[in-house]
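Sequential numbering from 1 along the given sequence is applied to the chain's residues. As a basis for the values below, the full set of heavy atoms in this structure was taken, side chains included, without hydrogen atoms, waters or symmetry mates.
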Amino acid sequence: MINRITKLLALFCVSLFLLPGCGRAAVEPEKLVWVLPKTSMTFNQEDFNALLREKGFPSEVEFVELDNIVYTPEQDYRNYYNDLLSEYLQSGAQADLIYCGYVNDAYLMRVQDKTLAPLNDFLETAEGIKLQQAIPELFWRSSKVDGKNYGLTNMRPNYAYGYSMIANQKYLDKYNIDLSELPESIAEWGPLLGRVYDAEKAEGNEDFYIMRDPISAGYYPHYSPIIPLLVVADERNSELTAVSLFDQPDVIALHKAVASYTQAGYIGDFHDENGQVLQADFLFDVDVSRGWENLAASYNSIFATKGLDPYDLAGRNLTEPVTATVDAGFHGVTEKSVQKERALELLALVFSDPDIANFMCYGKEGVDYTIKDGLVVLNPPFSDSGESYHSPPLGNDLLAAPSVYDDPDRVSLIQSLYEQAAPSKIEGFFLDYSAIQAELEAVWKIYAQEGYISGPAEEIAPQYAGLSQKLKAAGLENILTQINRQLDDWRRKDASGAP
């Protein structure tokens with residue numbers, strides 16, 4: 001009797017499995033949908049899913065690409081993707097994971113409207129602990145909203161940075177230049193630059209230039225962006241205050257000096273008009289870096305890939321490293337996902353696995369890149385770009401293998417930088433744009449049309465003054481007032497420890 005019952009139960013289970021739709025979840029897990037902007041997709045979805053299978057992940061992923069981002073003076077770049085994402089979410093279409101947007105107000109908005117699920121409980125699991133260990137503490141601190149983490153941003157080295165200079169040792173020796181005695185401000189280097197430049201030209205050194213343009217390299221030391229390119233906080237100021245970048249005397253003086261250096265012929269580049277690497281003689285270069293030693297190594301690595309001889313380089317760090325504002329787009333799991341646990345596991349895998357990091361940064365090994373002497377060598381068309389990686393839409397660049405354009409000790413250098421960097425005064429501050437939306441659209445339109453300041457040195461300060469006046473007339477003063485009000489509230493809440 002027992003055997004008969006057992007057989008009947010077995011037949012019943014088999015029949016259920018054979019019925020359409022029955023038993024499918026056990027052998028064919030539902031796919032996960034990850035919503036991203038179209039411009040971010042630089043890899044093949046089939047290859048990505050094949051890699052997930054190799055890692056033992058049970059579900060496939062479909063990346064839903066929303067429309068391309070449009071950059072025009074009439075189109076506020078921050079809102080375009082946000083609007084598309086809102087329409088997609090309101091349609092009820094599947095969205096297990098989402099990319100929130102391009103600056104941190106998009107992340108804050110998705111936290112406030114409860115689109116994103118908090119990660120804190122998951123971070124206590126085995127997968128969550130592994131994820132925590134793969135990501136520097138800076139990112140966890142900077143992504144907290146009211147004490148909780150809701151997402152992960154693309155992990156990049158430049159979220160802690162300093163400014164460094166490198167110098168050609170043969171010219172330091174020839175002209176008896178002591179780097180430690182140089183003024184901190186590039187605006188005060190004029191007499192030295194002129195002396196060296198004139199002497200080299202008098203000797204017939206036509207390929208000689210002093211330095212690349214530090215303004216084009218984003219050299220604004222001591223300022224942390226609140227609204228990129230417009231509103232900043234001065235890290236030297238004990239009072240946490242938002243100010244307009246275009247009203248700062250040291251910024252204007254620097255730009256004016258660089259314009260005069262350009263007029264005099266001091267400014268050059270090590271690329272020709274087609275972007276190919278040259279090796280013209282230079283005295284200095286200033287750039288965002290992980291220390292001057294790494295900046296020097298990056299230079300010589302690039303020259304080596306082109307068959308050029310290395311330079312004998314010295315250097316100096318011009319500013320101490322500080323943590324940047326983590327204001328890129330965030331990825332998170334949606335509250336409405338019916339596969340929340342699996343989506344969380346996918347998020348953890350993507351941000352903690354080195355093989356996936358390599359895939360996101362470089363593509364498919366053997367197709368997009370090869371490994372030579374432990375370094376990634378990019379295959380055409382990326383091999384001639386001078387870039388160390390693709391622009392990954394997601395993933396942990398900090399785990400990716402170093403390329404031929406990187407220092408071989410890249411990972412340890414980045415980790416050391418994060419440990420040394422002092423926290424920015426605005427680390428963890430998320431600006432709520434809702435109160436300044438109309439003014440910001442007007443201000444951004446003016447900046448997009450007139451924000452590129454150039455020309456002779458004597459025209460720089462008047463251009464700054466004119467642009468500042470137009471920005472204020474469009475509502476910049478109200479924007480600053482609103483931001484400083486939010487900063488005060490945030491600072492008081494942070495000091496009290498209140499959630």
Side-chain angles (χ1 to χ4, degrees), residues 36 40 42-43 48 51 55 97 99-100 104 107 119 123 127-144 149-162 164 287-291 293-295 297-298 301 321-332 344-363 365 368-369 371 374-378 382 387-424 427-428:
L36 296 167
S40 69
T42 58
F43 57 89
F48 179 75
L51 182 56
K55 296 295 177 181
L97 302 101
Y99 179 78
C100 293
N104 59 20
Y107 170 62
L119 305 179
L123 294 175
E127 293 91 346
I129 291 171
K130 182 180 179 182
L131 176 61
Q132 287 191 71
Q133 294 171 344
I135 295 176
E137 176 61 25
L138 156 67
F139 292 90
W140 297 115
R141 293 197 311 262
S142 298
S143 63
K144 282 185 177 178
N149 296 102
Y150 292 84
L152 296 171
T153 187
N154 298 353
M155 303 299 148
R156 304 289 182 83
N158 60 343
Y159 286 125
Y161 68 98
S164 303
D287 211 340
V288 177
S289 77
R290 301 186 288 276
E293 296 92 345
N294 186 64
L295 184 60
S298 296
S301 294
V322 65
T323 61
T325 327
V326 178
D327 62 355
F330 284 77
H331 298 270
L344 287 165
E345 291 170 6
L346 175 63
L347 189 72
L349 178 63
V350 166
F351 279 86
S352 63
D353 188 277
D355 294 330
I356 293 179
N358 282 341
F359 180 84
M360 293 298 180
C361 288
Y362 305 118
E365 186 174 358
D368 300 303
Y369 73 94
I371 300 288
L375 298 176
V376 171
V377 180
L378 298 175
F382 301 103
E387 296 293 333
S388 58
Y389 47 76
H390 301 241
S391 296
L394 55 111
N396 191 344
D397 180 41
L398 306 184
L399 297 178
S403 80
V404 291
Y405 299 109
D406 292 316
D407 191 295
D409 296 323
R410 173 179 178 271
V411 174
S412 61
L413 284 168
I414 294 170
Q415 291 173 340
S416 175
L417 178 67
Y418 281 134
E419 292 171 1
Q420 297 172 22
S424 166
E427 181 188 275

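- Aromatic ring pairs are classed by plane angle as parallel below 30°, tilted from 30° to 60° and perpendicular above 60°; the pair Tyr418 and Phe139 is perpendicular.
- Residues Tyr99 and Leu36 have side chains in contact (heavy-atom distance under 4.5 Å, counting atoms from C-beta outward).
- If you take CD1 on Ile135 and OG on Ser143, they are separated by 8.5 Å, rounding to the nearest 0.5 Å.
- Expressed to the nearest 0.5 Å, how far CD of Glu127 lies from CG of Leu347 amounts to 12.0 Å.
- Heavy-atom minimum distance, Asn149 versus Lys144: ND2-CG, 3.5 Å.
- Closest non-hydrogen pair, Cys361 versus Ala400, comes out as SG-CB, 3.7 Å.
- When all heavy atoms of Ser164 and Leu295 are compared, the pair lying nearest together is O-CD2, 3.9 Å.
- Interatomic distance, CG of Asn396 versus CZ of Phe351, reported as 7.5 Å (0.5 Å rounding).
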Side chain to side chain contact (heavy atoms under 4.5 Å, CB included) assessment of Tyr369 paired with Leu375: CA-CA 10 Å; Tyr369 73 94; Leu375 298 176; over 6 Å; no

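- Without hydrogens or angle criteria, Gln420 side chain to Pro321 main chain gives no donor-acceptor distance under 3.5 Å.
- Side-chain contact check for Ile356 versus Phe48: some heavy-atom pair is nearer than 4.5 Å.
- Ile371 contributes atom CD1, which lies 6.5 Å from atom CG of Asn358 (distance to the nearest 0.5 angstrom).
- The closest side-chain heavy-atom distance from Gln133 to Ile129 is below 4.5 Å.
- Between Pro354 and Ser352, the closest heavy-atom pair is CD-O, 3.6 Å.
- In this structure, Asp353 and Leu399 have side chains that are not in contact, with every pair of non-hydrogen atoms separated by 4.5 Å or more.
- Rounding to the nearest 0.5 Å places CD of Glu365 at 11.0 Å from CG of Leu51.
- In this pair, Phe330 and Tyr107 present their aromatic rings parallel. The plane angle is below 30°, not in the 30 to 60° band.
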